[in-house]
Every structure is written in structure tokens, then in C-alpha cells.
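For reference, the structure is listed below as C-alpha cells.
Because the structure is predicted, anything quoted here is derived from the model rather than measured. Chain identifiers are assigned alphabetically (A, B, ...) following the order of the sequence lines, protein sequences preceding nucleic acid strands; residue numbering begins at 1 within each chain.
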Amino acid sequence: MLFQFQLLQSELARVYQSLSITQQLHALIVKTHLSNDPFYATRIVRFYAINGDLYSARNLFDTSPNPSVYLWNSIIRAHSQAHKFGYAFSLFRKMLRTEIKPDNFTYACIVRACSERLDLDGLKLAHGGVVVSGLGLDSICSSALVSAYSKLGLVDEASKVFYGMPEPDLVLWNSMISAYGNYGFWYEGLQLFSEMQHVGIWPDGYTLVGLLFGLADSCLLSVGQGLHGFCLKSNFDSNAHVGSVLVTMYSRCKSMNYAYKVFSGLIQPDLVTWSALITGYSQSGDSEKALRLFKKFNWEGKKADSVLIATMLATAAQFANVGSGKEIHAHCLRHGHESHVKVCSALIDMYSKSGFLGLGISVFTIMSGRNIVSYNSLILGLGLHGHAFQAFKKFDEILENGLIPDECTFSALLCTCCHAGLVKDGKSIFKRMTVEFGIQPRAEHYVHMVKLLGMGGELEEAYNLILSLPEPVDSGIWGALLSCCDACGNPEMAKSVAERLIGNNPESCSYRVMLSNIYAGYGRWDDAMKLRDDQTDGKLRKIPGLSWIEGSSL
DNA sequence: CGCACCCCGT
């Protein structure tokens, strides 16, 4: 019987995902009473989880007499990977009441779950649990904590965890480099890149993905090329993720020739990589090429997802003619993408930009399963095109239909007010959101409020609003103020605010990038380039062993 | 006997 289990298990590995083989295994261990051994139960629970049958997994778990820590971990992980966080946490609480103590894997899973459900309070509690359990110096928990804090925007918290570790392993270095990368702190990333090699840890594909992603928005082509050279030398370029982030990096730097070169060197570019390239062309204004590539993508029998479809609709919106937009619309009806929020709002956007707002509204009208999310898309669609009155009418309709507006609804309404310059209405809807609907404003709401005030000429009030927020203030909020200053013809204020930010964060380059992008957006190329040069000026030389990065050519 | 942490697109 044991032999039969092993046979079936190898069969399972061969066929990759099979619910029926899992069920056979399950039946087998029940028949042979092997299900009393948590080792077998653990494997089956995992197989059920892979096949998305949480009900059977839970059933097996509940009938297991002596769950081991492994079995607990797999059932908790099964639920949290399926985003059933409520079940995952209640299982965890149940586990705490048993003899079995959670281990580093349990906490890593819980920590990750907290970050995915954007639960900072939960994360802090879990962090406390980690420390109390004596796992504060565990590398697996620490990596999970670094990533989780970074995902919730708390890079400083992440670095506190990182620097608390006496001897970080490769994964921990990677987590911290990615954390910096997520927020465009490329300089900090490169410093770690140098340090890790100094202490004898060799980077892998993850390291490079984190570094390159951090570079993508800063338009530092020479540094990107240097790292690209490093990838080639270390054979990381065959790594699909590295290839994908290289395409993204070059695309964002508007260097489509390089992006295409990397792309065509990949053996099997995946959906994400195709999207990165197509988006690159679309964003660089070459919508013809983006459309041609999308057709090629389809000819090769590949399946687009809703994100790519939304990108294609945005691409089609760039054409004066509504024809290709309608083609993409037909494509998305054929493949059932029209139920996606992003696709719907892209459709509404595409039609209204092509001069057919009516068609956009009818997309909303005929779509099935209209909910608060679809209302949000429509409100945003109306708002983006200056139909503020209709947008507010739709808001009333939401309330009349007994739907409950969410934070995105208010985001769309605030955005509407921004576009229409309705400062008073914006202020009042912001107040209603917090007072009447009890919604805690998020960074995006403040971004809209800052823009609303700023574009209405009340730069001082916008500035004071930001100063009244608790630290750390999201850099996007500052970015909104900076672009308002410039748009209001007050680039001097932008400069002084940005310089103050740069002064307060001398080690961080992201504010330089922001100010540089503002200058670039207004065609002030000299100012922009100077700031970008200032980013690297002398800085790379300060990092030991990295002087090769700049000026290395491919 | 063995679960695992880090990475890509608007």
C-alpha cells in the first residue's frame, strides 16, 4: 500500500495538477488508515490546495486526529494563498490554543497574509508574535516581514527589520533590495548590491529583478545598461523575470530598441513580458506598433488577460478613429473580458476619447452584474471627461439603489471634482466620505485633494494639508503638490518644496526623480537632465566596486 | 520522510 501511495504520488507530479488523482490518494490513505499519520495528510492537503479544492482539504484536516505543525501550516497556507484570509486567521487562532506551537513557516505565512489584505495592525501583531516566539532572528520570518512592510509602504520599518539581522542570507538581501526597488530607491538598492557581494553573497535573478525594477522609473539608462551587462555576464538574462523587468526598464526609459532586443532574445516570452513590450510601444506613442504586436500575439495562439486588453483599449484610444477600438471591444466580448472592471473602464474611456461617450455609457448600461465597481468605472469615466454633473447624479443613483459607496467611489468623485475644478464640491464630498460613510482616507484621496486645492490656486492650503498628515507621507502626495506648483505656473515653489524634500532625505533619490520628471513633462530638458545627472554624480563612485556600472556599454 | 521566505505589466 505504501508503495502504491508513492506510485500515485509520482503520477501526480507527472500530470502536474489533477484533482482526481488527489482524490484517489485521499481514498487510499483513508482505506489504509495512513490518514492518521499527519505526514500523508499534509501532502494531500497541499495537493487539494493546488487543485483549488479547499473544502476537501479542510475536511481532511478536520478529520486528522493528530495534526502536526506541518499539517497546520499547510491548511493555513492553503487558505491564505486562496485569499480566504478570514479562514486562515481563524485557523491560526485555533492553532494558538493547541499544544502545537506555530513555527517560522507559520508566522511567515501569517505575515504575508497581513500584507496581502493590507492589514497593518495585523502585521504589527504578527511581528510581535514573531519576536515573542523567539523568531526575531529567523531568516524566513525576517524576509517575510521585510516584504510585508514594503508592500504596505513602510520601507523604513522594512529596513529596521533588515538591519536588525546580523547575517542576512541571500533571500533577505533580495527582499530588502526589492523593497527599495518598489519605491524607486535605486541608490539604496545598489548600495546593498555592493555590500552583499562584499560579505560574500552572490546575487541571483531576484536580486537583479529588484534592482532593475528600482531603476525603471528613474530613466537612468546608463545604470540600467550596466546592470543589463551584469545579467548577460551572469547568464541571468535567460531568467524569464529578469528578461521581463529588463523589457519594462527599457520601455519606461523609452528605449524601445533595447526593449525589443531583450524581448527577441527571450526563448519563451510570457504574457507579462509581451504586455511590458506592447505597453512600452503604446506609452512611447507608437500605437501602430503596439497594435501590430498585439495581433502577432494573437496569431501565435496566446491568450490575453484583462490587463493587456485594458492596455490595448488605451492604445486604441490614441487613434483618432474608433475602428480599432471597436475591434478590441469585439475581441474582448469573444473572450469574455468585458466583465472586468479595468476593461469596462478602459472601454468607457476609449469610447469617450474617440468621441463616443454615449457608447461608453451603453457599455455600462448593458453590462451584466452591475455593482458598485461598475458604477465607480462609470463615474470615473464621466468625471475624466468633465461630466461632473452626471457623475454626481450616478452617485445619487448608487444611494437610491441601496448600494454602498466604497473608497474607490469617492476617489472617482474627487477625481471628477479635480477635472472640473469644483473645489467646494470636492471638499464637501471628502467630508461626507469620512463623516457620513466612515471611510478612512487613503493616499489616493489626499492626492486628489492636493490636486484639487492646488489646481484651484490654493497651493498654500494644499501644502498645509500635507503637513497636517501623519508621517510617513506617501511620496505620491508630495508629487501631486509638485506637479500642481508647476502647472499653476509656479515652478519656483515646486523647486523649493522639492529641494526641501531632497534636503530632508539626502540619501534618497526619489524626490530628485520626481522633480526631474516634472521638468521633463514641461519640456525643461536641461533642468531635468541636470537633476538626473545629479542622481549619479559621484554617487556610484561612493559605492565600492560599482564604478563599472556607469559607462559600460553593451 | 517533509511544508517555506524574495521577483514581472496600465
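- Under the ring pair (Phe, Tyr, Trp, His ring centres under 6.0 Å) rule, A:F263 has a single partner from A:Y281, A:F297, A:W274, which is A:W274.
- Minimum heavy-atom separation, A:L137 to A:G164: CD2-O, 3.7 Å.
- Listed pair A:R46 / B:dG2 fails the phosphate criterion, with no side-chain N or O lying under 4.0 Å from OP1 or OP2.
- Looking at heavy-atom distances under 4.0 Å, A:D305 makes contact with a base.
- If you measure from atom CG of A:L277 to atom P of B:dT10, you get 12 Å, rounded to the nearest angstrom.
- Side-chain proximity of A:F105 to B:dC1, B:dC3, B:dC8: nearest is B:dC3.
- Candidate nucleotides B:dG9, B:dC6, B:dG2 were compared by shortest atom distance to the side chain of A:F213, and B:dG9 ranks first.
- The side chain of A:Y206 lies closest to B:dC7, out of B:dC7, B:dT10, B:dA4.
- In this pair, A:Y107 and A:F92 present their aromatic rings perpendicular. The plane angle is above 60°, beyond the 30 to 60° band.
- Using the six-membered ring where Trp is involved, A:W72 and A:F61 have ring planes that are perpendicular, over 60° apart on the 30 and 60° scheme.
- No donor-acceptor contact under 3.5 Å links the side chain of A:D204 to the base of B:dC6.
- A:M249 places its CE atom 19 Å from the P atom of B:dC7, with the value rounded to the nearest Å.
- Across the protein-nucleic acid pair, A:Y281 atom OH and B:dG9 atom P stand 18 Å apart, rounded to whole Å.
- Note on A:D138: nothing from the nucleic acid sits closer than 4.0 angstrom, heavy atoms only.
- With rounding to whole Å, A:F297 atom CZ is found 12 Å from B:dG9 atom C1'.
- A straight line from CG of A:N182 to P of B:dC6 spans 12 Å, rounded to a whole angstrom.
- Contact between the side-chain N/O atoms of A:R112 and the OP1/OP2 oxygens of B:dC6 is found at a separation under 4.0 Å.
- Distances from the side chain of A:I140 to the nucleotides B:dC7, B:dC5, B:dG9 place B:dC5 closest.
- Base contact: A:T42 has a heavy atom under 4.0 Å from a base atom.
- Across the protein-nucleic acid pair, A:N104 atom CG and B:dC6 atom C1' stand 15 Å apart, rounded to whole Å.
- The aromatic rings of A:Y183 and A:F185 lie tilted to each other, with the angle between the two planes from 30° to 60°.
- Counting any heavy atom pair closer than 4.0 Å across all strands shown, A:S175 reaches sugar-phosphate atoms only and no base atom.
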Let me see the working for A:D156 and A:K160 under salt bridge (charged side-chain N to carboxylate O under 4.0 Å, His left out), right down to the final yes or no. CA-CA 6 Å; A:D156 289 341; A:K160 269 183 212 157; over 6 Å; no

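- Out of B:dG9, B:dC6, B:dC8, the shortest distance to the side chain of A:T279 is found at B:dG9.
- One atom, CG of A:N73, and another, P of B:dC5, lie 11 Å apart when rounded to the nearest Å.
- At the heavy-atom level, A:L271 lies under 4.0 Å from base atoms of the strands shown.
- Remark: the A:S244 side chain and the B:dC8 base include a donor-acceptor N/O pair separated by less than 3.5 Å.
- Rounded to whole angstrom, the span from the OH atom of A:Y107 across to the C1' atom of B:dA4 amounts to 16 Å.
- Out of B:dC1, B:dC5, B:dG9, the shortest distance to the side chain of A:T248 is found at B:dG9.
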